[in-house]
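Values below: every heavy atom of this structure, side chains too, minus hydrogens, waters and symmetry copies. Residue numbers begin at 1 in each chain, while the letters A, B, ... track the order of the sequences. In this text the structure is predicted, and so the values were computed from the model without any measurement.
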Number of protein chains: 2
Amino acid sequence: MALRHAVLAALLDGEYSGYQLAKAFDVGVANFWHALPQQLYAELTKLEREGLVTGRQVVQETRPNKRLFRTTDAGLAELERFAAAASKPSFIRDDLLVKVQAADRTGTGPVIEQLEERAAAADAKIRLFGEILRRMRGDADEEEFLRHGERIGPYLTCLRGLDFEQGNRDWCLRTAAVLRERQTAGTGVRDDASVRPATR
Amino acid sequence: MALRHAVLAALLDGEYSGYQLAKAFDVGVANFWHALPQQLYAELTKLEREGLVTGRQVVQETRPNKRLFRTTDAGLAELERFAAAASKPSFIRDDLLVKVQAADRTGTGPVIEQLEERAAAADAKIRLFGEILRRMRGDADEEEFLRHGERIGPYLTCLRGLDFEQGNRDWCLRTAAVLRERQTAGTGVRDDASVRPATR
DNA sequence: CATACCTACTCAAGAATCTGAGTAGTCCTC
DNA sequence: GAGGACTACTCAGATTCTTGAGTAGGTATG
């Protein structure tokens with residue numbers, strides 16, 4: 001049930017439309033949760049019905065109208081309840097890890113490619129997060145901002161996102177390098193399956 | 001559809017029962033995927049029906065009988081197909097991040113506690129992973145093992161798990177420290193909600 | 001001036017995951 | 001010798017997440 005709380009937390013920072021939220025929860029950012037547009041629209045509807053957020057219609061000339069939402073006091077109270085309850089442990093769940101786990105049996109070619117793509121994607125996120133952090137802290141340096149800044153929650157989660165992506169990138173590059181070296185070196189343990197005709 | 005492939009990958013390393021797999025996918029390890037026992041039993045049944053794993057009954061005197069599974073050639077072929085297909089991006093999805101995102105509005109008391117618990121849990125995992133890595137590489141040092149070891153897939157995924165947990169621990173401790181300092185310092189931005197009577 | 005993408009949503013259906021309860025014998029502790 | 005934990009599973013039901021399709025006007029691209 002954390003999606004609803006993620007939405008409530010996101011709407012603490014101001015008014016957003018479902019569409020804007022969808023962008024934040026989908027594409028690049030998603031420091032602290034991830035969800036698709038359909039889920040977000042559904043959740044906003046439920047939250048409004050329960051009085052945890054309020055929406056107001058904004059009529060636009062040149063584009064479709066939109067509804068902007070913000071968290072209500074009841075919503076904040078719900079967040080407080082949530083914060084006090086026990087957290088579920090978090091787990092890694094990643095296709096690419098599964099592929100690496102099996103890579104020395106399935107052939108490394110395609111996996112190496114994907115590792116390098118993933119590293120590039122992580123790198124893009126790293127730059128984005130760096131930019132976001134810089135914007136949030138303004139002139140202050142990090143220590144200063146964390147001590148006296150007004151709204152540090154998003155900053156702290158973004159720091160975690162940054163570190164996660166750095167770990168991701170470094171691991172992908174290292175893993176790709178290891179697999180590539182074994183591929184060319186020929187360990188003698190097993191022929192590289194990526195050279196064989198595909199079993200299928 | 002990655003759970004099935006995670007199971008296939010896990011069963012590359014030898015024969016396991018559903019129960020053993022459940023332990024590995026649940027509690028401590030789960031380097032590369034996470035799942036509950038019920039899911040695993042169900043998945044094993046499906047995989048056996050499709051011929052991607054085979055099970056054999058092992059009769060035990062003193063305990064309930066069990067079924068040991070291993071991946072078949074068809075299962076390996078399926079893994080190869082999977083390895084060649086595009087991976088879904090992976091996202092962080094963590095209750096605790098949501099709580100931190102909102103922490104400067106909900107009160108920091110309970111969140112700090114949870115951050116410290118999480119840091120301790122991460123630390124336990126770090127020690128466990130370190131142990132597992134040591135066991136896998138045996139006498140060789142890491143570079144050596146990665147160059148010439150037989151089965152490096154699990155080693156590489158465990159390295160990612162280790163780094164993830166280290167990032168986790170460090171971030172939890174830092175975040176807890178930051179929130180704690182603001183709590184005692186009194187930033188003037190807002191009274192600490194953890195001192196107010198609970199809204200509820 | 002046709003195609004494609006952007007804003008801003010909605011609906012339906014399916015797959016994956018989680019919650020909770022239950023069976024049944026064995027081993028260990030107090 | 002009673003209560004609890006461990007092995008080894010199964011079943012049902014709910015919730016969450018993903019996939020795919022569709023509406024509809026406006027703006028940018030070539």
Taking all non-hydrogen atoms of both residues, which atom of A:Pro110 and which atom of B:Ala84 are closest, and how far apart?
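Scanning both residues, the minimum pair turns out to be CB-CA, 3.9 Å.
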Residues A:Ser87, B:Gln114; criterion side-chain hydrogen bond (donor to acceptor under 3.5 Å, both in side chains); working and verdict
CA-CA 7 Å; A:Ser87 303; B:Gln114 291 177 52; 2.4 Å; yes
Apply the hydrophobic cluster definition, ILVMFWY joined by side-chain contacts under 4.5 Å directly or through others, and give me every member besides B:Met1.
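Other cluster members: none.
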A:Val58: hydrophobic cluster co-members (side-chain, 4.5 Å):
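Cluster partners of A:Val58: A:Leu68.
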Output the rounded distance in Å from [atom1] ([X]) to [atom2] ([N]).
X: B:Phe25; N: C:dT17; atom1: CZ; atom2: C1'; result: 14 Å
X: B:Asn65; N: D:dT10; atom1: CG; atom2: C1'; result: 15 Å
X: A:Met1; N: D:dT16; atom1: CE; atom2: C1'; result: 11 Å
X: A:Leu3; N: C:dT17; atom1: CG; atom2: P; result: 17 Å
X: A:Gln20; N: C:dT7; atom1: CD; atom2: P; result: 10 Å
X: A:Leu44; N: C:dT10; atom1: CG; atom2: P; result: 9 Å
X: B:Lys66; N: C:dT26; atom1: NZ; atom2: P; result: 16 Å
X: A:Arg67; N: C:dT7; atom1: CZ; atom2: C1'; result: 17 Å

Restricting to salt bridge (Lys or Arg N to Asp or Glu O under 4.0 Å), what partner residues turn up for B:Glu61, sequence neighbours left out?
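Result, salt bridge (Lys or Arg N to Asp or Glu O under 4.0 Å) vs B:Glu61: none returned.
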Is [X] near enough to [N] that one of its side-chain N or O atoms lies under 4.0 angstrom from OP1 or OP2?
X: A:Gln60; N: C:dT7; answer: no
X: A:Lys23; N: C:dC6; answer: no
X: B:Tyr41; N: D:dC9; answer: yes

Residue whose closest nucleotide on DNA chain D lies nearer the 5' end, B:Ala42 versus B:Tyr19:
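Between the two, 5'-proximity favours B:Tyr19.
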So which one's nearest nucleotide on DNA chain D is more toward 5', A:Lys46 or B:Leu68?
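The residue mapped nearer the 5' terminus is B:Leu68.
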Difference in axis direction between the ends of the helix from C:dC1-D:dG30 to C:dC30-D:dG1, five pairs, 10°:
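The end axes of the helix from C:dC1-D:dG30 to C:dC30-D:dG1 are about 50° apart, to the nearest 10°.
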I need a per-nucleotide contact map over nucleotides 23-28 of chain D, read 5' to 3'. Cutoff is protein heavy atoms under 4.0 Å; write B for the base, S for backbone only, - otherwise.
---SS-
Output one letter per nucleotide in nucleotides 18-23 of chain C: B when a protein non-hydrogen atom lies under 4.0 Å from the base, S when only the sugar-phosphate is that close, - when neither is.
SBB---
Partner residues of A:Phe82 under the ring-ring contact (aromatic ring centres under 6.0 Å, His included) criterion, sequence neighbours left out
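Listed in chain order: A:His5.
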Apply ring-ring contact (aromatic ring centres under 6.0 Å, His included) to B:Phe145 and list each qualifying residue two or more places apart in sequence or on a separate chain.
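Scan of B:Phe145 (ring-ring contact (aromatic ring centres under 6.0 Å, His included), adjacent residues dropped) gives B:Tyr155.
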[X]: what forms a side chain to side chain donor-acceptor pair (under 3.5 Å) with it, not counting sequence neighbours?
X: B:Arg63; answer: none
X: B:Arg135; answer: none
X: B:Arg49; answer: none

Report the relative orientation of the aromatic rings in B:Phe164 and A:Phe164; use parallel for angles under 30°, tilted for 30 to 60°, perpendicular for over 60°.
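If you compare the ring of B:Phe164 with that of A:Phe164, the planes turn out perpendicular.
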side-chain contact (heavy atoms from CB on, under 4.5 Å) against B:Glu48, all qualifying residues, sequence neighbours excluded:
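By the side-chain contact (heavy atoms from CB on, under 4.5 Å) rule, B:Glu48 matches B:Val53, B:Arg67, B:Phe69.
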